[in-house]
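These notes concern the structure reproduced below.
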2 protein chains.
Amino acid sequence: MSTQALRPTGKVLPEHARAHHRSMVLQHLFHTGPVSRADLARATGLTRVTISDLVTSLQTDGLVTELGAAPGGRVGKPATLVGLRDDAFQVVAVDLTDDEHMHGAVLDVFGTVVERRSTPLDGRTGDAVVEALIGLCRDLVALATYRVLGVGVASPGVIDASGTVLEAPNRAWYEVPLAALVSEALGLPVHVGNDANAAVLGELTYGGASPDGLLALTVGEGVGAGIVLDGRLVAGHRHAAGELGHVTVVDDRDDVDDAPLGQAQTCACGRRGCLETVLSVPALRRRVAGLEERAAAVALASVGRRLGIVLAPVVSALNLADVVMSGPAELLAGPLRDTALATLRERTMPVISEGLSLRMTTLGEDGALSGAAVLVLSGQLGVS
Amino acid sequence: MSTQALRPTGKVLPEHARAHHRSMVLQHLFHTGPVSRADLARATGLTRVTISDLVTSLQTDGLVTELGAAPGGRVGKPATLVGLRDDAFQVVAVDLTDDEHMHGAVLDVFGTVVERRSTPLDGRTGDAVVEALIGLCRDLVALATYRVLGVGVASPGVIDASGTVLEAPNRAWYEVPLAALVSEALGLPVHVGNDANAAVLGELTYGGASPDGLLALTVGEGVGAGIVLDGRLVAGHRHAAGELGHVTVVDDRDDVDDAPLGQAQTCACGRRGCLETVLSVPALRRRVAGLEERAAAVALASVGRRLGIVLAPVVSALNLADVVMSGPAELLAGPLRDTALATLRERTMPVISEGLSLRMTTLGEDGALSGAAVLVLSGQLGVS
DNA sequence: AATAGTAAGGAAGGTCTACTAACAAATATG
DNA sequence: CATATTTGTTAGTAGACCTTCCTTACTATT
């Protein structure tokens with residue numbers, strides 16, 4: 001059984017193959033650092049001739065440069081190192097997850113934040129948010145010290161492949177072609193993705209997570225998840241993959257002895273017992289408010305158990321390698337995580353749980369932001 | 001955000017592009033039936049010239065043939081229909097799901113069973129099963145009336161992309177390179193896949209299920225699932241995706257008022273309360289044995305509720321379009337399915353549940369068998 | 001019946017891409 | 001110092017698809 005697409009889709013022109021090979025070279029340089037042309041040839045399976053040709057074209061485009069002779073005295077002609085230029089471009093990224101402020105940044109090739117700017121939303125919705133977003137992007141573009149490769153936006157809501165926000169109730173956006181609007185205003189390539197999907201891309205690219213079975217769980221005002229399988233983002237039938245926040249986890253019929261968790265709460269979505277009613281920053285803060293440490297740990301553990309119960313079927317169905325959580329570490333990193341992992345191990349078979357890790361992100365608060373940058377790298381250069 | 005692979009993998013040679021385009025043409029003919037070259041050009045985006053060239057090469061290989069003029073008097077030169085030859089080849093498929101018998105068949109291009117043969121396992125394990133399998137395949141190859149394109153095998157267990165069975169405890173197979181062994185013995189291409197994965201391929205190709213969010217749940221001695229997302233089979237980090245049978249669903253701490261379900265049972269895997277302890281043919285038969293119809297319906301509904309609870313996180317995380325069940329309809333198709341679907345709708349948000357269907361297979365018992373045939377079609381021709 | 005318009009399919013020629021083969025340059029090793 | 005090894009380039013070849021132009025065959029109109 002091969003891992004290729006089951007159903008061939010779309011024609012492949014020579015130029016597409018060329019772009020693919022360029023991406024392979026960039027990808028290798030991006031993750032491995034400077035190497036020789038001969039090494040690139042061995043890594044990609046292409047010939048040295050073809051690699052030389054590709055490198056020349058990448059040099060012409062200013063993306064890579066020669067970096068002198070490789071150290072280490074081996075037999076044969078010394079290799080010339082080729083590496084990504086760190087002054088080739090920068091990327092503008094904006095994270096719209098927060099309901100109060102838009103957080104933006106200029107990042108360099110390696111995902112390091114060079115400049116930050118934020119704008120308060122001040123209760124704006126709809127077109128006014130789009131206006132404010134464009135303004136913030138203009139400011140950030142002006143702050144960039146090199147060419148801006150593109151703009152990446154991580155937004156809550158359901159977003160399709162073209163960067164149209166199908167629905168984002170918190171911003172009062174419905175069928176808003178956000179990518180097209182911002183791109184039109186700035187004259188730059190713009191890529192828009194769901195914030196949880198951006199977060200998972202951030203983990204994949206900058207967090208060192210596994211490309212063949214990764215789920216990134218973002219806990220903020222609500223809960224969202226992004227999933228990468230076999231190196232591909234899972235979009236879902238209607239672009240709504242990862243909507244784990246409104247799965248029922250507290251059931252009035254169960255849990256009579258799960259005293260710490262209490263009764264099912266009504267959720268903002270109108271239903272009862274959703275994951276978000278227990279696993280969100282406000283809900284967790286309410287839960288631990290005024291409790292002494294031991295009691296707080298028990299309370300967080302009971303939420304962790306529910307998380308484990310929800311994740312167990314997902315982890316089993318997909319045979320995931322990594323689950324990465326982001327959000328306030330003081331709430332998530334301790335008993336909540338430990339209990340979630342223990343519950344996952346209890347409730348899945350060994351072949352599944354043995355290969356699994358559940359951990360906090362190493363990207364801090366910038367998961368979605370750097371993921372938005374990855375949207376640009378991936379969309380413009382095929383690098384992630 | 002594009003749907004392309006985030007990380008470019010593997011070089012693309014011109015011959016690969018050519019093979020891809022050949023597959024596109026075959027795929028279109030396979031699903032749409034005979035069409036003109038001009039229609040193929042419009043459908044694929046390739047030019048009429050290129051399509052003519054591809055069709056010529058497919059004719060040379062005996063896979064397609066001209067079928068005379070297209071009916072319907074429109075302006076212009078009448079089109080010549082091109083179609084898949086139904087005498088081009090046949091496929092041999094074997095389903096090893098059953099612990100008692102190996103079920104094999106010869107199928108034509110369109111997945112119709114032409115001949116069937118079965119062999120009792122008689123308690124054999126290990127190499128003896130491989131021997132018996134090879135024998136059955138030989139018989140089936142001899143029964144074929146046209147060239148045999150290849151052999152497809154659907155087996156329980158964890159199977160990697162090369163067709164090596166990493167572990168299949170029921171057959172006492174560990175690290176058995178089954179595809180290589182059978183291929184060596186028969187001199188034919190052999191593709192081996194997990195039985196649940198084969199079943200989902202069967203649903204995809206012959207069951208008309210959605211390619212962008214499909215889960216096929218197979219209920220037999222145990223429970224297995226195969227998943228197709230964005231037209232690709234989900235393999236999992238360690239090739240164990242779909243192992244839903246041993247997720248805990250009955251919890252001694254919960255369910256106090258879920259009287260019909262009873263206490264958690266010990267599972268063959270040594271843990272307690274696995275899905276398989278309530279959702280498997282033996283477990284379901286035990287549960288309804290001796291019950292009158294109403295009581296049986298209540299008992300089946302309680303299992304359906306558990307199934308819904310397990311599926312809710314998976315369906316939400318992946319935003320699935322179709323969940324297709326196979327197994328004994330008298331157990332699965334009634335209250336069990338209805339309750340599972342109702343529970344799914346209760347426990348997921350509308351954007352998820354509105355796009356979801358949960359239904360019985362239309363392929364009867366032959367899901368895995370025809371899926372094994374799809375392994376061959378997909379592997380040899382790129383058609384599914 | 002003659003003419004115009006439309007569509008299918010094929011032939012010729014050009015471009016792009018990556019390959020193979022052969023070679024020059026530069027170094028370590030015996 | 002001669003030889004083996006490795007890097008990177010040059011030159012030529014082959015595959016695949018494209019654009020352009022042409023013939024064929026049919027419908028619609030005068």
Side-chain angles (χ1 to χ4, degrees), chain A residues 8 10-26 28-29 34-61 64-83 382, chain B residues 8-26 28-29 32 34-61 64-83 382:
Chain A
K11 59 179 174 179
V12 181
L13 264 36
E15 67 213 70
H16 300 144
R18 181 73 163 183
H20 180 84
H21 293 153
R22 272 176 61 114
S23 293
M24 282 174 71
V25 170
L26 287 172
H28 196 77
L29 295 176
V35 289
S36 70
R37 292 173 176 82
D39 284 336
L40 283 171
R42 279 185 286 268
T44 57
L46 296 165
T47 61
R48 294 200 307 274
V49 179
T50 303
I51 289 295
S52 284
D53 196 32
L54 287 166
V55 166
T56 305
S57 119
L58 291 168
Q59 276 178 306
T60 307
D61 294 356
V64 308
T65 188
E66 292 199 345
L67 295 166
R74 300 190 315 284
V75 204
K77 172 175 170 178
T80 312
L81 291 180
V82 174
Chain B
T9 359
K11 58 179 173 178
V12 180
L13 265 37
E15 66 213 73
H16 299 144
R18 182 72 165 183
H20 179 84
H21 293 152
R22 273 177 59 114
S23 293
M24 282 175 70
V25 170
L26 288 172
H28 196 77
L29 295 176
T32 316
V35 291
S36 70
R37 291 172 178 83
D39 284 336
L40 283 170
R42 280 184 284 266
T44 58
L46 296 164
T47 61
R48 293 200 309 271
V49 179
T50 304
I51 289 295
S52 285
D53 195 34
L54 287 165
V55 167
T56 304
S57 118
L58 291 168
Q59 277 179 304
T60 307
D61 294 356
V64 309
T65 188
E66 292 199 344
L67 296 167
R74 303 187 315 283
V75 259
K77 174 175 170 179
T80 312
L81 291 179
V82 175

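Letters go in sequence order (proteins before strands), and every chain restarts at 1. Heavy atoms only: backbone and side chains are in, while hydrogens, waters and symmetry mates are out.
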Please confirm whether the shortest side-chain N or O distance from [X] to OP1 or OP2 of [N] is below 4.0 Å.
{"X": "A/H21", "N": "C/dA18", "answer": "yes"}
{"X": "B/T80", "N": "C/dG9", "answer": "yes"}
{"X": "B/T47", "N": "D/dC17", "answer": "no"}

Candidates [options] - which lies nearest the side chain of [X]:
{"X": "B/A79", "options": "C/dT20, D/dT19, C/dG9", "answer": "C/dG9"}
{"X": "B/L46", "options": "D/dG8, C/dC19, D/dC18", "answer": "D/dC18"}
{"X": "A/P78", "options": "C/dG10, C/dT27, C/dA18", "answer": "C/dT27"}
{"X": "B/V49", "options": "D/dT7, D/dT20, C/dC19", "answer": "D/dT20"}
{"X": "B/R18", "options": "D/dC17, D/dT9, C/dA25", "answer": "D/dC17"}
{"X": "A/T50", "options": "C/dG10, C/dA18, C/dA8", "answer": "C/dA18"}
{"X": "A/V75", "options": "C/dG9, D/dA4, D/dG8", "answer": "D/dA4"}

Take atom [atom1] of [X] and atom [atom2] of [N], then tell me their distance rounded to the nearest Å.
{"X": "B/R22", "N": "D/dG15", "atom1": "CZ", "atom2": "C1'", "result": "15 Å"}
{"X": "A/R37", "N": "C/dA25", "atom1": "CZ", "atom2": "P", "result": "17 Å"}
{"X": "A/R42", "N": "D/dT5", "atom1": "CZ", "atom2": "C1'", "result": "12 Å"}
{"X": "A/Q59", "N": "D/dG8", "atom1": "CD", "atom2": "P", "result": "11 Å"}
{"X": "B/E66", "N": "C/dA8", "atom1": "CD", "atom2": "P", "result": "14 Å"}
{"X": "B/R48", "N": "D/dT23", "atom1": "CZ", "atom2": "P", "result": "15 Å"}
{"X": "B/H16", "N": "C/dC19", "atom1": "NE2", "atom2": "P", "result": "10 Å"}
{"X": "A/E15", "N": "D/dG15", "atom1": "CD", "atom2": "P", "result": "21 Å"}

What closest approach, in Å, do [X] and [Y] show between heavy atoms, and which atom pair accounts for it?
{"X": "A/R37", "Y": "A/S52", "answer": "CD-OG, 3.5 Å"}
{"X": "B/S36", "Y": "B/A79", "answer": "CB-CB, 3.3 Å"}
{"X": "A/G10", "Y": "B/H20", "answer": "O-NE2, 2.7 Å"}
{"X": "A/L46", "Y": "B/K11", "answer": "CD2-CB, 3.7 Å"}

query = Got a salt bridge between A/R22 and A/E15, using NZ or NE/NH1/NH2 to carboxylate O under 4.0 Å?
reply = no

request  = Identify, between A/K11 and A/S36, the residue whose nearest nucleotide on DNA chain D lies closer to the 5' end.
outcome  = A/S36

key: Residue whose nearest DNA chain D nucleotide is more 5′ - A/A38 or A/L13   = A/A38

